[in-house]
Amino acid sequence: LLDELQKLLTGISLIKELSPKTRDYLVSFGERMSVRVFARYMNDKVGVPAVFIDAFDLGMRTTDDYMNAEVDPVTYPLIKKNMEERRASGDMRLPVVTGFIGK
């Protein structure tokens with residue numbers, strides 16, 4: 001994740017441009033890093049089995065109105081299906097999911 005962030009920042013620096021789409025992508029890194037830290041804390045310090053999940057990997061879909069996107073209604077059944085599949089596979093870890101980050 002940090003390598004991905006470094007590449008993005010290098011690209012922004014080289015072209016000296018930050019489009020709304022790139023800005024949304026850039027600000028997603030804080031959320032994506034924080035769930036990783038929190039899941040690790042739950043595992044190591046609290047003793048609760050946890051796993052980080054990026055919301056877009058669960059099915060979060062948004063409109064392409066960058067910096068002002070809305071949730072696409074197809075999101076809800078996708079997330080439900082993906083969470084049910086995780087449980088059915090026996091994955092009982094606490095999901096620590098990013099917030100409003102979609103594709």
Side-chain angles (χ1 to χ4, degrees):
L1 188 62
L2 292 177
D3 288 339
E4 185 180 346
L5 176 58
Q6 182 178 16
K7 288 175 186 174
L8 176 64
L9 292 172
T10 299
I12 292 168
S13 174
L14 288 171
I15 64 171
K16 300 190 180 355
E17 183 180 335
L18 184 62
S19 69
K21 180 179 182 178
T22 304
R23 183 189 171 278
D24 274 3
Y25 182 45
L26 176 62
V27 299
S28 78
F29 281 87
E31 183 98 14
R32 293 164 61 201
M33 283 190 255
S34 68
V35 296
R36 285 157 173 77
V37 170
F38 188 73
R40 184 64 175 258
Y41 176 82
M42 295 300 289
N43 281 304
D44 294 351
K45 301 293 184 184
V46 180
V48 173
V51 61
F52 68 84
I53 306 172
D54 292 327
F56 50 77
D57 290 333
L58 281 179
M60 173 68 82
R61 300 295 180 262
T62 60
T63 62
D64 62 359
D65 186 15
Y66 299 106
M67 298 177 18
N68 197 30
E70 295 186 18
V71 176
D72 185 321
V74 13
T75 292
Y76 304 109
L78 283 173
I79 290 176
K80 181 179 181 197
K81 175 183 169 283
N82 286 322
M83 289 303 294
E84 287 172 349
E85 286 174 358
R86 293 181 71 82
R87 293 291 181 231
S89 74
D91 187 352
M92 299 307 289
R93 295 173 295 175
L94 173 70
V96 181
V97 183
T98 57
F100 189 72
I101 299 174
K103 283 188 177 180

Please report the closest heavy-atom contact between [X] and [Y], naming both atoms and the distance.
{"X": "M42", "Y": "A50", "answer": "CB-CB, 3.8 Å"}
{"X": "P95", "Y": "R87", "answer": "CD-NH2, 3.6 Å"}
{"X": "V96", "Y": "F38", "answer": "CG1-CD2, 3.7 Å"}
{"X": "G59", "Y": "L78", "answer": "O-CD1, 3.6 Å"}
{"X": "G47", "Y": "P49", "answer": "O-CD, 3.6 Å"}

Single-linkage hydrophobic cluster, 4.5 Å side-chain cutoff, [X] and [Y] together:
{"X": "L18", "Y": "Y66", "value": "no"}
{"X": "M67", "Y": "L26", "value": "no"}
{"X": "I53", "Y": "M92", "value": "no"}
{"X": "V97", "Y": "Y76", "value": "no"}
{"X": "I79", "Y": "F56", "value": "no"}

Decide yes or no for [X] and [Y]: does some side-chain heavy atom of the first lie under 4.5 Å from some side-chain heavy atom of the second?
{"X": "E70", "Y": "D65", "answer": "no"}
{"X": "M33", "Y": "L2", "answer": "yes"}
{"X": "R86", "Y": "V51", "answer": "yes"}

Do any side-chain atoms of residues 8-17 form donor-acceptor pairs under 3.5 angstrom with protein atoms, and if so which ones, sequence neighbours left out?
unit_1: T10; atom_1: OG1; unit_2: Q6; atom_2: O; d: 2.9
unit_1: K16; atom_1: NZ; unit_2: S13; atom_2: O; d: 3.1

Counting distance only, does the side-chain N/O of [X] pair as donor-acceptor with the main-chain N or O of [Y] below 3.5 Å?
{"X": "E31", "Y": "T98", "value": "no"}
{"X": "R36", "Y": "R32", "value": "yes"}
{"X": "D72", "Y": "T63", "value": "no"}

Q. Roughly how far, to the nearest 0.5 Å, is OG1 of T75 from CG of L58?
A. 10.5 Å
